[in-house]
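The structure under discussion appears below in the form of structure tokens.
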Amino acid sequence: MAHSARSGSCRLRGLVQGAGFVTPRPLRFAFSHISRRLWAGGYNYQRNLFAALARFLPGEFVPIVFAGNKAEENELAELGAIPGVEVVRSETFDGQPGLAAALGLGLDRGAAAAFRGAGIDVVVESARFFGWRLAHPAVAWIPDLQHRSLPQLFPTTARWRRELGFRMQIASGRTIMLSSESALRDFRAYYPGARNQVCVVRFATQPPAAFLNTDPAEVIGAYHLPANYFYLPNQFYRHKNHKLVVDALTILKGRAIDVVICASGSKEDRREPGYYDLVNSEIQKRGLEAQFRHLGVIPLPHVYALLRASTALINPSRFEGWSTTVEEAKSFGVPMILSDIDVHREQTAGSARYFGVDDPVALADHLMQAAQDAHGPIIRNVVPHQDDNVCAFAASFAATMRQAAGQDVGEPIER
């Protein structure tokens with residue numbers, strides 16, 4: 001009963017704010033499938049978003065995931081198992097075959113036909129532009145503007161392809177959906193002439209109950225980890241800054257302090273295919289194989305199990321739009337050791353330990369102190385106030401979709 005009462009209270013708050021305005025039929029919105037292998041954060045965003053809408057605004061939205069015929073079946077099955085979610089498969093979404101037409105002629109005809117066939121009300125564009133002649137209202141989700149803040153991390157062609165896509169979305173009058181106030185400041189600075197409706201929708205995560213049935217002690221044993229370890233669940237992209245962690249471990253080794261970092265995530269970075277090998281070669285060269293352990297891509301229940309029992313989460317990233325790993329740590333009350341960037345401060349309101357993105361000594365000091373303070377494994381559960389955070393996320397996203405569709409949502413959400 002307590003669970004239902006919280007859900008009802010949250011839903012009522014959304015109705016008062018206008019985000020839960022009930023329409024004669026559910027609003028159907030389109031999302032292109034995001035591969036977990038290529039971008040785990042994006043995949044988890046979709047999964048958490050759809051689950052939040054189903055829980056707090058049941059029957060009011062139908063997310064339709066458009067995926068290519070080559071998409072991973074298990075990923076689509078997991079999304080399709082969420083109440084209300086539909087999956088549409090088409091070769092139109094294997095890569096971006098209609099991009100040239102979208103840019104040159106103003107319309108990706110294959111995608112537009114798929115949207116019409118599925119009765120879509122609003123299209124969410126994520127790293128894909130469907131053309132300025134798209135008949136459906138469209139929301140451009142821009143998780144971050146990393147290519148502008150850290151241009152050196154992008155090949156020239158990739159950087160300009162991303163910039164062109166964003167500028168086309170802005171020029172086409174898309175509603176712009178950002179994930180943080182930090183991203184909003186960047187957007188205003190980089191595109192001062194933009195007159196688009198811009199909304200900030202902060203992501204929050206509610207770990208699925210089924211994922212919490214996995215015993216952390218069994219997972220720790222299966223991966224041969226010690227009772228006390230730090231968890232770093234970031235994909236191996238250069239801006240994720242794994243090299244700084246290796247430098248910090250080198251410093252601790254020089255102090256004769258044994259700390260174990262457990263890392264998980266994909267080795268693949270299409271922008272820089274050899275980056276993981278560079279980091280791994282440094283680990284081997286410095287004799288840190290026992291201190292830095294990379295598990296690869298592991299099942300999500302294992303991710304949550306390792307997070308719940310870790311001494312602390314580490315995120316050394318040089319740039320984030322809104323960190324999924326930080327949100328997941330917050331949902332369990334896991335201590336955090338984070339790079340001192342604006343969005344990490346925004347997400348944690350000063351409640352974490354922070355270090356400079358080029359300061360391995362500060363990170364080493366934090367790791368040493370946290371390791372000394374650790375007293376055996378602690379298995380954490382979801383914090384009591386997480387329902388409110390996820391409810392606010394669902395209500396904010398709902399308001400953005402309703403406004404983009406031209407529905408009355410009460411108070412404006414334009415920023």
Side-chain angles (χ1 to χ4, degrees), residues 31-55 63 65 67 71-85 87 126 143 179 203-225 229-237 240 261-268 293-310 312-315 317 320-334 336 347 377 379-383 386-387 389-390 393-394:
F31 238 121
S32 299
H33 168 246
I34 298 172
S35 166
R36 183 183 178 222
R37 178 177 58 82
L38 298 179
W39 184 24
Y43 175 80
N44 290 338
Y45 181 98
Q46 288 185 328
R47 181 177 52 78
N48 280 286
L49 169 63
F50 302 159
L53 292 172
R55 181 181 176 196
V65 179
E72 290 287 340
E73 185 62 43
N74 61 331
E75 293 181 0
L76 298 180
E78 187 174 309
L79 296 175
I82 300 170
V85 174
V87 176
S126 174
S179 298
F203 168 72
T205 178
Q206 183 72 49
F211 285 7
L212 306 185
N213 293 331
T214 301
D215 184 358
E218 291 183 3
V219 176
I220 291 170
Y223 292 121
H224 307 292
L225 295 171
Y229 60 90
F230 296 89
Y231 192 30
L232 173 54
N234 286 358
Q235 292 183 231
F236 274 80
Y237 299 156
K240 295 296 187 180
I261 306 292
C262 167
S264 65
S266 174
K267 303 176 183 179
E268 295 183 48
R293 307 188 192 178
H294 181 233
L295 309 180
V297 178
I298 62 176
L300 282 172
H302 289 194
V303 171
Y304 286 121
L306 292 176
L307 183 60
R308 293 169 63 200
S310 64
L313 170 88
I314 305 174
N315 190 338
S317 182
E320 295 283 345
W322 191 258
S323 173
T324 302
T325 60
V326 168
E327 284 303 314
E328 290 171 340
K330 285 167 57 180
S331 72
F332 295 112
V334 176
M336 291 173 278
Q347 282 190 262
I379 298 175
R380 306 169 185 87
N381 293 313
V382 177
V383 296
Q386 191 61 13
D387 276 3
N389 298 334
V390 179
F393 170 45

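Distance CG/Leu212 to CD1/Ile379: 11.5 Å, rounded to 0.5 Å. For the atom pair Leu79 CG and Arg36 CZ, the distance stands at 11.5 Å (nearest 0.5 Å). The distance from atom CG of Leu306 to atom OG of Ser264, rounded to the nearest 0.5 Å, is 7.0 Å. Going from atom CD of Glu327 over to atom CD of Gln347 covers 5.0 Å, rounded to the nearest 0.5 Å. Expressed to the nearest 0.5 Å, how far OG of Ser35 lies from CD of Glu75 amounts to 5.0 Å. Between Leu313 atom CG and Tyr231 atom OH the span is 9.0 Å, to the nearest 0.5 Å.
His294 places a side-chain N or O within donor-acceptor distance of the main-chain N or O of Gly265, the cut-off being under 3.5 Å. Here the side chain of Trp322 pairs no donor or acceptor atom with the backbone of Ser179 at under 3.5 angstrom.
The aromatic rings of Phe211 and Tyr304 are tilted relative to each other, their planes meeting at an angle between 30° and 60°.
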(request) Could you give me the CA-CA distance, side-chain angles and deciding distance for Glu218 and His302, then say whether side chain to side chain contact (heavy atoms under 4.5 Å, CB included) is met? (result) CA-CA 10 Å; Glu218 291 183 3; His302 289 194; over 6 Å; no
(message) Phe31 vs Leu49, test: side chain to side chain contact (heavy atoms under 4.5 Å, CB included). Steps then yes/no.
(response) CA-CA 11 Å; Phe31 238 121; Leu49 169 63; 3.7 Å; yes
(request) Begin with the C-alpha distance, continue with both residues' side-chain angles, and end with the deciding distance and a verdict on salt bridge (Lys or Arg N to Asp or Glu O under 4.0 Å) for Arg308 and Glu328. (result) CA-CA 9 Å; Arg308 293 169 63 200; Glu328 290 171 340; over 6 Å; no
(request) Could you give me the CA-CA distance, side-chain angles and deciding distance for Asp387 and Gln206, then say whether side chain to side chain contact (heavy atoms under 4.5 Å, CB included) is met? (result) CA-CA 7 Å; Asp387 276 3; Gln206 183 72 49; 3.4 Å; yes
(message) Ser323 vs Asn315, test: side chain to side chain donor-acceptor pair (under 3.5 Å). Steps then yes/no.
(response) CA-CA 9 Å; Ser323 173; Asn315 190 338; 3.1 Å; yes
(message) As a quick check of understanding, evaluate side chain to side chain contact (heavy atoms under 4.5 Å, CB included) for Phe332 and Val382, giving each step before the final call.
(response) CA-CA 5 Å; Phe332 295 112; Val382 177; 3.8 Å; yes
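Counting heavy atoms from C-beta outward, Arg293 and Tyr229 have side chains that stay 4.5 Å or more apart. Counting heavy atoms from C-beta on, the side chains of Thr205 and Asn44 never come closer than 4.5 Å.
In this structure, Ser310 and Val334 approach most closely via the heavy-atom pair OG-CG1, 3.7 Å. The minimum heavy-atom distance linking Tyr43 with Ile34 is given by the pair CD1-O, 3.4 Å. Contact detail for Ala54 and Pro83: the closest heavy-atom pair is CB-O, 3.6 Å. Considering every non-hydrogen atom in both Ala312 and Met336, the closest pair reads CB-N, 4.5 Å. Of all non-hydrogen atoms in Ala204 and Phe393, the two that sit nearest each other are O-CD2, 3.4 Å. Taking both residues in full, the closest heavy atoms of Ala67 and His33 are given as CB-CB, 3.7 Å, listed atom of the first, atom of the second, then distance.
Residues that satisfy the salt bridge (charged side-chain N to carboxylate O under 4.0 Å, His left out) test with Arg37, not counting sequence neighbours, are Glu268. Listed by chain and number, the residues in a side chain to side chain donor-acceptor pair (under 3.5 Å) with Tyr45 amount to none (sequence neighbours excluded).
Of the candidates Thr325, Leu295, Ile314, Pro233 forms a side chain to side chain contact (heavy atoms under 4.5 Å, CB included) with just one, namely Thr325.
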